[in-house]
Amino acid sequence: MVRTTPTCLELLMVNAPPVIRTQSLTKRFDRHLAVNEVDLEIQGGEVYGLIGPNGAGKTSLIRMLAAAEPPTKGEIYLNGDRLHHAQHNPTIKQRIGYLPDDFPVYDDLTVWDYLDYFARLYKLRGRDRTQRLYEILELVQLHTKSKSKVATLSRGMKQRLSLARTIIHSPLILFLDEPVSGLDPIARMQFRTIIQALQQAGMTILISSHVLSDLAELCTTIGVMELGCLVESASLEALYRRLGRPQIVIKTLGDRSDLIAILRDRPHIIGWELKPDSQTLQIEFDGNPEQSTQLLKTLITEGVPVAEFSPQQETLENIFLKLGHQQVS
Amino acid sequence: MSIKMPKQKINHWLDQLGDINPQLFREIKGRLTDIAFIFAVFIGGLINLIAIFATQSKPESIRTSSNYCAWPAEFTKDPNMLICPEEYFNHPLWLHDQCQMIYLWLAVLIMFAIVLIGTYLLVHDWQKEQQRGTLNFIRFSPQSSRQMLWGKLLGVPIVPYLSVALVIPLHLFLGLLGGIELWQSLGFYVVFALGVITFFHFTLLLSTLYTSQGMSALGVLINCIVLIATNNIPHDEAVTMFDWLKLLSPSTLLPLIIGIDDGNSGFNYDIYSAPFNHGQVEQITWLYLPIGQNGLLFWAAMVINFGFWIFWLDRAFQQKFQNPQLSLITKQESYLLVGTLQVIWVGFLTNGGNWENQNQLGIWLVYNGSLILAMIIATLPSRQPLLDWSRYRHESTRSKNWLIDLTLSKNSPINVTILINTMIMIFTMLTVGWFLKTGEVILVYGVAFILFALITMYLTVCCQFVIVFSWKPELSFIVIVVSLSGLIPLVIQFFSLGIVLTATIALVIMNGMFLRRLYSLGKSETKVLMEAQ
């Protein structure tokens with residue numbers, strides 16, 4: 001049964017003003033147009049993934065949103081308040097956390113002192129501060145390192161420490177610029193877990209990354225930047241629906257030419273790609289699940305020895321490439 | 001237990017301090033290690049010991065002619081008695097003067113130690129933070145940049161502060177023994193503290209502008225020159241404009257505080273043998289007000305002067321720290337600053353009617369020349385905001401009037417601003433000249449002013465040329481030198497109308513070239529955009 005009436009929460013979400021909103025946001029560096037008239041809207045609680053090739057303007061956009069760089073033109077509204085770059089904006093700064101792509105740290109301090117200093121910068125006082133420090137160290141899995149000097153930490157640990165510093169004051173909005181670059185798979189997984197925990201805590205997160213598989217797992221919405229323009233901004237679901245055709249991976253134990261001959265005459269099959277093992281085909285399929293079941297039945301009826309038949313979602317990389325962006329790093 | 005208690009108290013106190021100023025907390029925690037603490041105490045203790053020994057170092061022999069020899073008047077003419085007998089040695093008077101002298105030396109030592117060591121530590125730390133990129137964290141935090149700055153000023157030189165703090169009680173005590181009242185010493189400390197803040201602000205601003213490695217050495221050198229040079233400039237009745245420089249060093253107050261309210265009739269030693277006596281500082285006047293005659297008045301003048309500089313340096317620093325692309329001060333602020341300084345300088349000029357003295361004009365030109373250079377640096381927009389201004393001016397909701405835009409707008413070219421500032425300077429001098437009814441020198445001054453204005457505008461255009469053409473530093477330097485060398489005939493042929501006219505035409509052409517370049521930069525980008533659409 002298909003539900004058509006939205007719930008109260010959904011209505012609230014739709015009617016609530018966006019937590020991050022920009023209007024004609026533009027940034028130039030000399031004659032280079034880094035960000036061009038970007039109109040962005042991000043709702044509260046969303047995890048917004050920003051993708052695009054190098055030099056597309058992702059970092060410039062994030063820096064402007066995080067009040068680290070003044071825009072050449074345009075307006076930024078964070079949680080409804082206009083961000084004036086010429087002013088100090090203490091209230092807005094208290095609401096945001098920003099992790100830049102480079103993450104300098106004070107090597108001479110211990111992990112605890114480092115976080116304690118930032119907690120004080122963000123006006124956390126007394127027992128609240130101590131409690132928050134314990135919580136945050138637990139969250140980023142650095143509680144065993146609290147007395148170690150920052151200089152002795154590994155790159156992944158330093159990156160987690162930087163994230164801890166960014167979220168020490170429980171910001172409403174979090175800007176993460178390439179947070180997993182240079183991390184090994186385990187560290188990336190740990191980082192992803194932390195982001196998921198923050199998402200569950202209700203933070204609105206804007207994250208830019210070249211690791212699209214991570215973003216596909218984390219994000220609710222995706223924005224694609226190209227030559228300074230925001231060329232696409234849609235929920236991941238809508239993007240998959242619109243651009244991501246379902247795929248079916250079929251592996252046969254028999255002759256692959258028999259399989260191809262059968263597939264050639266079937267409806268809803270747009271094309272296929274041969275996998276390296278030469279027995280597996282990845283099929284682009286525009287039918288619904290019932291029609292894919294029908295396809296499986298046909299293959300079995302036709303006597304094809306099917307070893308694997310798995311409907312899959314198209315990857316974010318493919319969708320990104322379909323959008324015409326060939327330059328993913 | 002007894003050792004733990006004060007340590008706990010210190011930690012508690014530090015914790016409280018950290019809530020008020022996290023930056024100060026971090027600096028103290030990072031720098032005041034056990035070794036640093038012991039070192040600071042050792043140095044402070046050593047200075048105390050040396051000072052105490054100095055008070056005991058009685059001279060081996062004193063001549064009968066000395067003020068410290070209470071030799072009966074009837075025997076003074078005895079030519080055979082040259083050495084004062086021990087029983088006639090006026091020890092209380094000698095101790096009084098000795099304490100004064102040690103007081104002065106300690107004051108100078110404290111001044112140099114804090115200013116020079118403090119400057120070095122601050123600039124070094126600042127450079128390190130800039131290179132590491134950690135200053136951005138503070139920019140992103142809700143803490144104000146002023147709070148961060150005070151954290152740095154108070155926290156980075158914590159070790160020299162501690163050493164000096166240990167010397168202060170003895171310094172005060174020696175002052176009391178030397179006849180210097182407590183309020184006088186405290187007054188000196190206030191001026192000294194304001195002076196230190198001014199020096200520190202200045203050097204930090206300098207290292208925010210230029211992030212080269214040698215900044216810490218340059219900062220120390222500049223502050224050292226100011227402290228020493230201001231002492232060595234004598235008061236001259238003919239060139240009273242120099243007296244303003246005296247207000248830039250806290251040590252100027254020292255001869256006044258030992259000279260005023262002293263119970264003794266005059267000094268028993270040669271005051272000019274005292275360190276940093278500043279020579280005839282008591283003769284300084286401002287707007288006919290004898291501020292040098294009255295210690296309190298002079299103290300107030302110094303407090304106002306340092307307050308003035310702290311205000312402007314702090315303003316420039318905040319603006320630059322918040323947004324490195326912005327100019328140090330706005331155009332409106334530059335008019336206010338130039339105007340205020342003209343009033344201050346006129347006050348030193350009008351001393352005994354020396355307006356017609358050519359040297360006074362020379363000093364005035366040097367002061368204003370330096371000021372206009374500083375104004376060019378302070379108001380000059382960065383390349384990016386200047387280009388953005390040229391591109392987006394037509395979209396601005398503000399005034400479309402280009403003259404208002406050039407006079408008041410934030411990132412517009414500074415030609416009009418510098419011209420207005422130059423006019424403020426010239427107008428002030430002409431008004432003062434007219435007021436003092438010295439019309440006969442006005443003509444000479446008039447030519448000097450035209451020359452001054454031309455040089456100023458040349459420099460302004462040259463600097464902006466460098467920005468819009470984005471030349472390499474070497475090429476920029478060559479362009480400025482070549483452009484300025486064009487002014488040499490103008491300076492040599494002081495009264496030649498032809499040369500002045502030629503220079504004016506060259507200036508107009510240069511301005512035209514600059515504006516054309518700026519216009520083309522804006523236009524070309526618009527074309528690119530239109531093509532893209």
Side-chain angles (χ1 to χ4, degrees), chain A residues 24 26-33 36-37 63 66-74 85-100 102-110 113-114 116-126 129 162 165-166 168-169 171 175 227-229, chain B residues 15-27 29-31 33 128-148 151 318-319 321-326 330 382-385 387-389 391-392 395-396 410-411 470 521-522 524-525 528-529 532-533:
Chain A
S24 303
T26 304
K27 181 73 192 175
R28 284 172 187 279
F29 292 107
D30 213 325
R31 308 184 97 175
H32 171 63
L33 196 59
N36 187 10
E37 303 272 345
R63 281 183 63 79
E69 188 93 50
T72 305
K73 202 170 74 109
H85 281 80
Q87 293 168 11
H88 174 43
N89 302 306
T91 320
I92 292 181
K93 283 178 179 172
Q94 187 74 40
R95 285 185 202 145
I96 60 179
Y98 169 46
L99 181 66
D102 58 337
F103 48 94
V105 285
Y106 292 115
D107 280 334
D108 55 326
L109 293 179
T110 63
D113 283 346
Y114 179 80
D116 183 56
Y117 166 59
F118 281 99
R120 285 172 196 271
L121 278 182
Y122 284 92
K123 299 176 181 176
L124 291 172
R125 301 276 182 265
R129 185 176 63 236
S162 292
R165 185 257 302 160
T166 311
I168 190 90
H169 56 296
F175 299 109
L227 292 171
C229 300
Chain B
D15 193 55
Q16 300 272 307
L17 187 74
D19 285 346
I20 299 164
N21 191 325
Q23 191 62 40
L24 178 59
F25 171 75
R26 160 163 161 61
E27 299 300 342
K29 220 169 177 195
R31 285 164 200 283
T33 55
K128 216 165 84 178
E129 291 251 30
Q130 274 187 327
Q131 280 160 10
R132 216 167 29 185
T134 39
L135 277 179
N136 283 331
F137 296 152
I138 303 156
R139 282 198 186 100
F140 303 148
S141 80
Q143 296 289 335
S144 72
S145 48
R146 187 165 286 120
Q147 202 161 22
M148 183 280 307
Q318 302 305 330
Q319 191 136 321
F321 184 75
Q322 283 297 337
N323 186 351
Q325 282 201 336
L326 283 183
T330 63
S382 306
R383 179 178 159 83
Q384 191 57 48
L387 298 190
D388 290 342
W389 175 86
R391 281 165 193 153
Y392 294 110
E395 286 182 24
S396 170
K410 219 176 353 181
N411 295 319
S470 63
L521 281 172
S524 63
E525 192 59 41
V528 170
L529 271 176
Q533 281 171 355

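Below, all heavy atoms of this structure are taken into account, side chains as well, without hydrogens, waters or symmetry copies. We name chains A, B, ... by the order of the sequence lines, and we start the count at 1 in each one.
- Here the OH atom belonging to Y117(A) is positioned 7.0 Å from the OG atom belonging to S141(B), to the nearest 0.5 angstrom.
- Scored by the salt bridge (charged side-chain N to carboxylate O under 4.0 Å, His left out) test, K27(A) finds E69(A) as partners (sequence neighbours excluded).
- Crowding of L17(B) atom CG: a count of heavy atoms from other residues, nucleotides or ligands under 6.0 Å exceeding 12.
- For chain A, the nearby part of Q384(B) is the side chain; its heavy atoms alone come within less than 4.5 Å.
- Looking at T166(A), neither its backbone nor its side chain comes within 4.5 Å of chain B, counting heavy atoms on both sides.
- T330(B) is linked by a side chain to side chain contact (heavy atoms under 4.5 Å, CB included) to Q319(B), Q332(B), E333(B), counting only residues two or more places apart in sequence or in another chain.
- Put simply, of A68(A), P100(A), G97(A), A66(A), the one with the most heavy-atom pairs under 4.5 Å next to chain B is A68(A).
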Yes or no on ring-ring contact (aromatic ring centres under 6.0 Å, His included) for F118(A) and F137(B), after CA distance, side-chain angles and deciding distance?
CA-CA 9 Å; F118(A) 281 99; F137(B) 296 152; 5.2 Å; yes
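- At a 4.5 Å heavy-atom cutoff, R95(A) makes no contact with chain B through either its backbone or its side chain.
- Contact of the D15(B) side chain with the R120(A) side chain is registered, since non-hydrogen atoms from C-beta on lie closer than 4.5 Å.
- Relative to the ring axis of Y106(A), R132(B) does not place its NZ or CZ within 45° and under 6.0 Å from the centre.
- Contact annotation: the side chain of Q143(B) never approaches that of Y122(A) to less than 4.5 Å [non-hydrogen atoms, C-beta and beyond].
- At a 4.5 Å heavy-atom cutoff, the contact between E129(B) and chain A is made by side-chain atoms alone.
- Between R26(B) and L109(A), some side-chain heavy-atom pair lies under the 4.5 Å cut-off.
- Looking at D113(A), the atoms closer than 4.5 Å to chain B (heavy atoms on both sides) all sit in the side chain, from C-beta outward.
- Of the two parts of D19(B), the backbone and the side chain both hold a non-hydrogen atom closer than 4.5 Å to a non-hydrogen atom of chain A.
- A distance-only check finds no donor-acceptor pair linking the side chain of K73(A) to the backbone of D388(B) [under 3.5 Å].
- Listed here is the closest heavy atom pair of P104(A) and G133(B): CG-O, 3.7 Å.
- Looking only at heavy-atom pairs under 4.5 Å with chain A, the residue among M148(B), Q23(B), Q147(B), Q318(B) that has the most is Q23(B).
- Closest approach of N323(B) and P70(A) over heavy atoms only: ND2-CG, 3.6 Å.
- In this structure, the portion of D116(A) lying under 4.5 Å from any heavy atom of chain B is its side chain and not its backbone.
- Both the backbone and the side chain of F140(B) have a heavy atom closer than 4.5 Å to some heavy atom of chain A.
- F175(A) does not touch chain B: none of its heavy atoms, backbone or side chain, sits under 4.5 Å away.
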